[in-house]
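Each remark here refers to the structure printed beneath this line.
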2 protein chains.
Amino acid sequence: MKRNTWQREAVREALEESPGFVSAQGLHATMKDAGSEVGLATVYRALADLATEGDADSLQQEGESLYRACTPGSHHHHLICRRCGTTVEIAADAVETWAREVATLHGFTQPHHVVDVFGYCADCSRLAPAHRIL
Amino acid sequence: MKRNTWQREAVREALEESPGFVSAQGLHATMKDAGSEVGLATVYRALADLATEGDADSLQQEGESLYRACTPGSHHHHLICRRCGTTVEIAADAVETWAREVATLHGFTQPHHVVDVFGYCADCSRLAPAHRIL
DNA sequence: ATCGTTTTGACAACGGTTATCAATAAGCAT
DNA sequence: ATGCTTATTGATAACCGTTGTCAAAACGAT
């Protein structure tokens, strides 16, 4: 049976207070700074649980998993700032149906999809002129 | 100045002969089995170069980077079989414009996007009935 | 309070990737 | 061809995020 511990709840709360996507290690550091004495392994486990339960979104960037609290049950995608990490949730039914259709068209079943848009948010666009070509 | 070595060319050719996405280590093993004596580090470097030059697509799955040769210059996405790795290149102008629009709408600049669809291809759907719920 | 089972957490181990650095070889100039 | 400069190679070590280990702690039912 699944048990409720203050650690898991602390991770959930810390995640909800984080503005954008955070890494497990980052969240652990934040929590430690805030005085919460939670083990690193526990943070990893709690985040993985939250993700499988649908209470958190996760994405992979540069070899590490990033997490973000999300409204449970709703399927959506993200618009993420490459510099500051600010994230906007975006829903796009058109993309959902497109993904399903293109999969079926090629005989694929049980389709999943990964759709994320990265860029520089308004603020960071202002601060950082294009010294990055991409 | 950029130099041409037989190692880099060997990696390019091995990648082009691979049917789906391959990992750096997998490609290295394949090449070694085929008698090509190329260092692992070199394979990593060559694949990274190919990806930045636009001659290879890359995606991240389960903590590792996978690569695939692609027609240079063309932007497209993939429909990937979760079981056998077979890959279909898909073009979707609708998704391209959608990504650009949603980014601009929220004030984001220099938008990139990651759009990949995973599923079980026709063959694998037949072989593996749904003992995986997702 | 007691008990059985789950969870925790410090640390080791793991796996993919990158850095190191001496040895090699590509490409240019002569 | 020869030498020279410098990018590249490759064996290995280091790195870093993540997961396994396992004894100790604690949840929840009784």
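In what follows, chains carry the letters A, B, and so on, assigned in the order in which the sequence lines appear, proteins first and then strands, with residues in each chain numbered from 1.
- D:dT6 atom P lies 19 Å from atom CG of B:Asn4, rounded to whole Å.
- Between A:Gln7 and C:dG9 there is a side-chain N or O to OP1 or OP2 distance below 4.0 Å.
- Between A:Gln61 atom CD and D:dG17 atom P the separation is 13 Å, expressed in whole Å.
- Residue A:Arg8 places at least one side-chain N or O under 4.0 Å from the OP1 or OP2 atom of C:dT7.
- Rounding to whole angstrom units, CD of residue B:Gln25 and P of C:dG15 are separated by 10 Å.
- The CZ atom of A:Arg3 sits 13 Å away from the P atom of C:dG4 (whole-angstrom rounding).
- Here A:Ser65 does not reach the OP1 or OP2 of D:dG17: none of its side-chain N or O atoms lies under 4.0 Å away.
- The CD-P distance, from B:Glu62 to C:dG15, rounds to 14 Å in whole Å.
- Between A:Tyr44 and the phosphate of D:dT18, there is a side-chain N or O to OP1/OP2 separation shorter than 4.0 Å.
- If B:Leu40 and B:Trp6 are placed on DNA chain C by their nearest nucleotide, the residue sitting closer to the 5' end is B:Leu40.
- Of the candidates D:dA29, D:dG10, D:dG17, the closest approach to any side-chain atom of A:Glu64 belongs to D:dG17.
- Straight-line distance from the CE atom of B:Met1 to the C1' atom of C:dA25: 13 Å, rounded to whole Å.
- Donor-acceptor pairing under 3.5 Å is lacking for the side chains of A:Asp57 and A:His77.
- Mapping A:Arg45 and A:Ser23 onto DNA chain D by nearest heavy atom places A:Ser23 closer to the 5' end of the strand.
- A:His78 has its ring centre less than 6.0 Å from the ring centre of A:Phe21.
- Taking a cutoff of 4.0 Å between a charged side-chain nitrogen and a carboxylate oxygen, B:Glu53 and B:Lys2 qualify as a salt bridge.
- Here A:Tyr44 and A:His28 keep their ring centres 6.0 angstrom or further from each other.
- Taking atom NZ of B:Lys2 as the reference point, atom P of D:dA7 lies 13 Å away to the nearest angstrom.
- Residue A:Thr5 has a polar side-chain atom (N or O) positioned under 4.0 Å from OP1 or OP2 of C:dT8.
- Remark on DNA chain C: of its neighbouring residues A:Glu37 and B:Gly63, the 5'-side contact belongs to A:Glu37, judged by nearest-heavy-atom nucleotide.
- Atom CG of A:Leu47 is separated from atom C1' of D:dT18 by 12 Å (rounded to the nearest Å).
- Counting only distance, with no hydrogens or angles, the side chain of A:Arg68 and the backbone of A:Pro19 share a donor-acceptor pair below 3.5 Å.
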